[in-house]
Amino acid sequence: MHLTLVGLSHKTAPVEIREKLTFPANRQEEALSLLTLDGAVIEGVILSTCNRTEVYAVTSADIDGPGAVIDFLADYPDLDRHELVRYLYIVEGEAVVKHLFRVVASLDSMVLGEAQILGQVKEAYECAFEYDGTGRVFNKLFRQSFEVGKRVRNETAIGEAAVSISYAAVELAKKVFDSLDGRTVLILGAGKMSELTAKHLVSNGVNSVLVANRTYERAVELAEQFGGDAIRYEELGARLGEADILISSTAATTYVLGKDMVADAMRHRRGNPLFLIDIAVPRDIDPEVNELDDVFLYDIDDLSGVVEANLEERMSEAEKAEIIIAEEMAAFEAWLESMEVVPTVAAIRSKAEQVRQAELEKALKRLGGLSEKELQTIDALTCAIVNKMLHGPTNRLKQVAGERYGVAYVEAARYLYGLDINPEGKSPHASLLKSLLGRAKGAAEKSSGAPADTTDA
């Protein structure tokens with residue numbers, strides 16, 4: 001069993017790449033089915049947001065986990081594998097746990113401390129759970145990650161400053177207009193991000209809200225929250241000229257607003273500027289709109305510069321969050337190691353019992369003519385010998401399972417007892433065992449002050 005993560009984010013890929021690799025809720029079932037189809041990926045969770053697409057996987061220890069996930073990412077939307085790899089990051093082993101915990105704590109977000117990511121990770125996990133993508137490991141890992149998110153929110157002030165993608169949109173609007181008082185905003189797409197953006201705009205002086213959504217009833221519902229007006233989706237072009245600010249965040253896969261539609265709206269505005277913020281991925285607004293006079297278009301990547309000034313007071317709180325993450329990582333690793341030792345002990349005892357039975361059968365054939373009592377005595381004797389020989393090693397294996405390098409003892413036991421030897425006589429754990437023992441040895445030498453031995457472990 002091996003933990004693998006392959007993904008891309010706002011740190012590694014521009015929006016024009018990220019929008020090509022998205023997995024909305026209505027595609028999750030199909031995607032998870034393909035991800036786990038050939039058995040290389042045992043468990044999988046696909047996290048897909050505006051700023052990141054990440055595939056978390058539990059893979060077999062003897063296969064190329066990252067390669068299997070990369071193949072899936074390239075094949076599913078039919079992307080060029082060599083081009084895609086340029087933007088991907090790969091995380092393996094215990095580093096996957098740390099990465100996930102930092103994501104839910106919003107330490108890896110474009111906006112440090114933003115609150116939405118925890119809910120997005122929950123939705124990704126619930127999709128995978130519903131479609132049988134998760135098992136014992138990810139059920140434990142992701143549920144513990146939610147506790148990490150809650151702890152960071154409750155035990156630090158990382159989320160107190162008013163910084164978010166929607167807040168950044170408002171800050172940009174203030175740079176275009178001297179004041180937002182009396183302005184009209186048109187919300188295109190009545191999702192959660194649109195609602196948050198509208199709240200920020202209204203609290204900063206906007207007094208007229210228009211809402212357009214493909215589902216008119218949802219547009220009415222959102223507009224009522226702000227005392228605004230809902231407009232039918234087909235009326236968008238005709239009403240666009242009434243807005244000073246447009247915030248677009250739909251689930252459309254093609255451009256909703258083109259250059260011609262915006263140009264037509266500007267003819268009715270008589271030189272008054274139109275401020276457009278596209279926070280959708282894939283983008284809703286054709287970038288060519290920026291060529292029009294008095295039109296200011298910003299996409300989600302443009303927002304990153306706006307929020308930098310608001311992050312300083314959150315940085316010290318991030319250090320507190322890292323301490324919480326370290327504590328939770330230790331707890332998860334102890335659980336994972338203790339889980340691995342149970343089947344290992346069972347496998348050792350099973351193998352020993354097979355040997356005992358085989359040798360007992362050969363001995364009884366040679367002896368012959370034994371009474372039932374004598375047979376029972378010999379059987380009990382061989383059982384006692386095996387149990388006494390295994391009692392000490394297996395008990396000690398259980399005791400060290402929760403220690404820092406407990407996994408090295410587990411892998412050593414599997415290697416020494418030949419539990420995973422393949423037909424070629426090789427163990428898939430040999431290289432992992434060597435790495436783990438090397439790390440343990442280096443840590444011991446460091447703590448004792450002795451020089452590290454650079455020879456092979």
Identify the two heavy atoms, one from Thr53 and one from Ser48, that lie closest to each other, and give their separation to 0.1 Å.
-> OG1-OG, 3.7 Å

Main-chain N/O of Arg218 paired with Asn213 side-chain donor or acceptor, under 3.5 Å = no

Counting only N and O atoms by type, is there a donor-acceptor contact under 3.5 Å from the side chain of Asp301 to the main-chain atoms of Val15?
-> yes

Identify the residue among Leu297, Asp294, Leu246, Ile245 that makes a side-chain contact (heavy atoms from CB on, under 4.5 Å) with Phe275.
-> Ile245

Without swapping roles, check the side chain of Thr156 against the backbone of Arg153 for a donor-acceptor pair under 3.5 Å.
-> no

Residue pair Tyr89 / Ser9, side-chain heavy-atom distance below 4.5 Å | yes

Do Thr253 and Thr22 come close enough that some side-chain heavy atom pair is under 4.5 Å?
-> no

Would you call Lys11-Asp108 a salt bridge at under 4.0 Å N-O?
-> yes

Ring centers of Phe72, Phe23 separated by less than 6.0 Å | yes

Under 3.5 Å, side chain of Asn139 to main-chain N/O of Gly135, donor-acceptor pair present?
-> yes

Leu141 side chain near Phe332 side chain, heavy-atom distance below 4.5 Å | yes

Return yes if some donor-acceptor pair links the side-chain N/O of Gln144 with the main-chain N/O of Glu328 below 3.5 Å, else return no.
-> yes

Find out whether Ile117 and Val104 are in side-chain contact, i.e. whether some heavy atom of one side chain is under 4.5 Å from a heavy atom of the other.
-> no

Is Glu195 salt-bridged to Lys199, cutoff N-O under 4.0 Å?
-> yes

On a heavy-atom basis, the closest approach of Asn204 and Asp181 is O-OD1, 4.2 Å

Donor-acceptor under 3.5 Å (Arg52 side chain, Leu8 main chain) | no

What is the minimum heavy-atom distance between Ala169 and Thr197, and which atoms define it?
-> CB-CG2, 4.4 Å

Are the charged groups of Lys320 and Glu317 less than 4.0 angstrom apart, N to O?
-> yes

What's the spacing between Leu276 CG and Leu257 CG if we round to 0.5 Å?
-> 7.0 Å

Do Phe142 and Tyr56 have ring centres separated by under 6.0 Å?
-> yes

Can you establish whether the number of heavy atoms outside Asp178 located under 6.0 Å from its atom CG is more than 12?
-> no

Taking 4.0 angstrom as the limit, do Glu242 and Arg269 come out as a salt bridge?
-> no

Between Ser109 and Glu114, a side-chain donor and acceptor under 3.5 Å | yes

Tyr87 six-ring face occupied by Arg18 cation (under 6.0 Å, within 45°) = no

Is Phe177 close to Asp244 at the side-chain level, that is, under 4.5 Å between some pair of heavy atoms?
-> yes

Might you work through the salt bridge (Lys or Arg N to Asp or Glu O under 4.0 Å) test for Glu43 and Arg136, ending with a clear yes or no?
-> CA-CA 9 Å; Glu43 300 182 39; Arg136 186 176 183 185; over 6 Å; no

How close do Val202 and Val209 get, heavy atom to heavy atom, and via which atoms?
-> CG2-CG2, 3.8 Å

Check Ser249 against Asp284 and note the closest heavy-atom contact, atom names and distance.
-> N-OD2, 3.5 Å

Determine yes or no for a side-chain-to-main-chain donor-acceptor pair under 3.5 angstrom, with Thr215 supplying the side chain and Glu217 the backbone.
-> no

More than 12 heavy atoms of other groups within 6.0 Å of Asp293 CG = no

Do Leu210 and Val185 touch side chain to side chain, with heavy atoms closer than 4.5 Å?
-> no

Are the side chain of Arg414 and the backbone of Leu419 linked by a donor-acceptor contact shorter than 3.5 Å?
-> no

Heavy atoms of other groups near Lys20 NZ, more than 12 under 6.0 Å | no

Any Val211 side-chain heavy atom under 4.5 Å of Asp229 side chain = no

Distance col, row Leu5:CG vs Leu100:CG, nearest 0.5 angstrom, shows 8.5 Å

Taking 4.0 angstrom as the limit, do Glu30 and Arg27 come out as a salt bridge?
-> no

Lys/Arg N to Asp/Glu carboxylate O, Arg151 vs Glu327, below 4.0 Å = yes

Between the main-chain N or O of Asp278 and the side-chain N or O of Asp299, is there a donor-acceptor pair closer than 3.5 Å?
-> no

Can you check whether Val58 reaches His2 side chain to side chain, under 4.5 Å on heavy atoms?
-> no

Validate the cation-pi geometry between Arg143 and Phe146: distance from NZ or CZ to the six-membered ring centre under 6.0 Å, angle to the ring axis within 45°.
-> no

Indicate the atoms forming the closest heavy-atom contact of Ala105 with Val152, along with that distance.
-> CB-CG2, 3.8 Å

Under the 3.5 angstrom rule, does the side chain of Thr36 hit a backbone N or O of Val41 as a donor-acceptor pair?
-> no

